[in-house]
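First the proteins, then the strands, lettered A, B, ... as listed; each starts at 1.
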Amino acid sequence: MQPSNKASPMTQIWHIVSMIPEGKVCSYGKVADLAGLPGRARYVSRALKAAPSELALPWHRVINSQGKISFAEHSEPFIEQMQRLRSEAIIVNRGRVKLAEYEWRPDLATLVLSMPF
DNA sequence: CAGGTGACCTTAA
DNA sequence: GTTAAGGCCACCT
């Protein structure tokens with residue numbers, strides 16, 4: 001019997017986030033959709049908060065549907081996220097990035113093949 | 001069990 | 001371009 005490595009919803013979310021490429025961003029809602037959890041954007045934020053730091057997920061590439069950083073402006077995590085985005089040559093103005101320019105558009109076929117069973 | 005909360009989203013002003 | 005309201009759902013009091 002194989003050890004149960006079935007993907008939990010949270011694991012799925014971590015997996016999707018890990019695939020966002022450098023220099024691109026993705027909204028919480030989109031991550032939820034891609035993880036097979038439509039309408040569960042808030043679950044994505046919880047999953048990120050719960051993610052072990054050893055995973056080194058690119059959590060800073062996840063923003064809200066308006067292209068804005070969802071942490072309170074000027075808060076510590078807000079500033080860190082902005083710095084991380086800028087370090088990838090992403091332009092951030094008033095805590096917002098231009099989605100038309102930076103939104104991740106994954107190839108769905110490739111994505112499906114990368115999914116854990 | 002009931003109510004509050006939040007790293008959200010869509011819609012309608 | 002903005003904000004406000006309603007919806008959402010796992011977690012915590």
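Donor-acceptor pairing under 3.5 Å, judged by distance alone, is present between the side chain of A:Tyr28 and the base of B:dA7.
Remark: P of C:dC12 and CZ of A:Arg42 are 15 Å apart, rounded to the nearest angstrom. For A:Glu103 and B:dC9, the CD to P distance is 11 Å, given to the nearest whole Å. For the pair A:Lys49 NZ and C:dC11 P, the computed distance is 11 Å after rounding to whole Å. Atom CD of A:Glu73 and atom P of C:dT2 are 11 Å apart (whole Å). Note: CG (A:Leu37) to P (B:dC8) measures 17 Å, nearest angstrom. Taking atom CE of residue A:Met10 and atom P of nucleotide C:dC11, one finds them 8 Å apart after rounding to whole Å. The OH-P distance, from A:Tyr43 to C:dG7, rounds to 24 Å in whole Å. Between the CE atom of A:Met82 and the P atom of B:dA7 there is a distance of 18 Å, given to the nearest Å.
Here A:Arg40 reaches the OP1 or OP2 of C:dA10: one of its side-chain N or O atoms lies under 4.0 Å away. Contact check, A:Arg94 against C:dG1: no side-chain N or O comes under 4.0 Å of OP1 or OP2. Between B:dC8 and A:Ser70, a contact under 4.0 Å exists linking OP1 or OP2 to a side-chain N or O. OP1 or OP2 of B:dC9 has at least one side-chain nitrogen or oxygen of A:Ser65 nearer than 4.0 Å.
A:Leu113 and A:Ile16 fall into different hydrophobic clusters, where Ile, Leu, Val, Met, Phe, Trp and Tyr are joined by side-chain heavy atoms under 4.5 Å apart, directly or via other members. A:Met19 and A:Leu108 fall within the same hydrophobic cluster, defined by Ile, Leu, Val, Met, Phe, Trp and Tyr side-chain heavy atoms under 4.5 Å apart, directly or through other members.
The nucleotide whose nearest atom lies closest to any side-chain atom of A:Trp59 is, among B:dC8, C:dC9, B:dA7, B:dA7. With C:dT3, B:dA7, B:dG6 as the candidates, the nucleotide lying closest to the side chain of A:Gln66 is C:dT3. Closest approach to the A:Arg46 side chain among B:dC8, B:dA7, C:dC9 is made by C:dC9 (side chain taken as heavy atoms from C-beta onward).
The shortest distance between side-chain heavy atoms of A:Ile91 and A:Lys98 does not fall below 4.5 Å. Using a 4.5 Å heavy-atom cutoff, the side chains of A:Glu80 and A:Trp59 are in contact.
For the pair A:Glu88 and A:Lys24, the salt-bridge criterion is not met [side-chain N within less than 4.0 Å of a carboxylate O].
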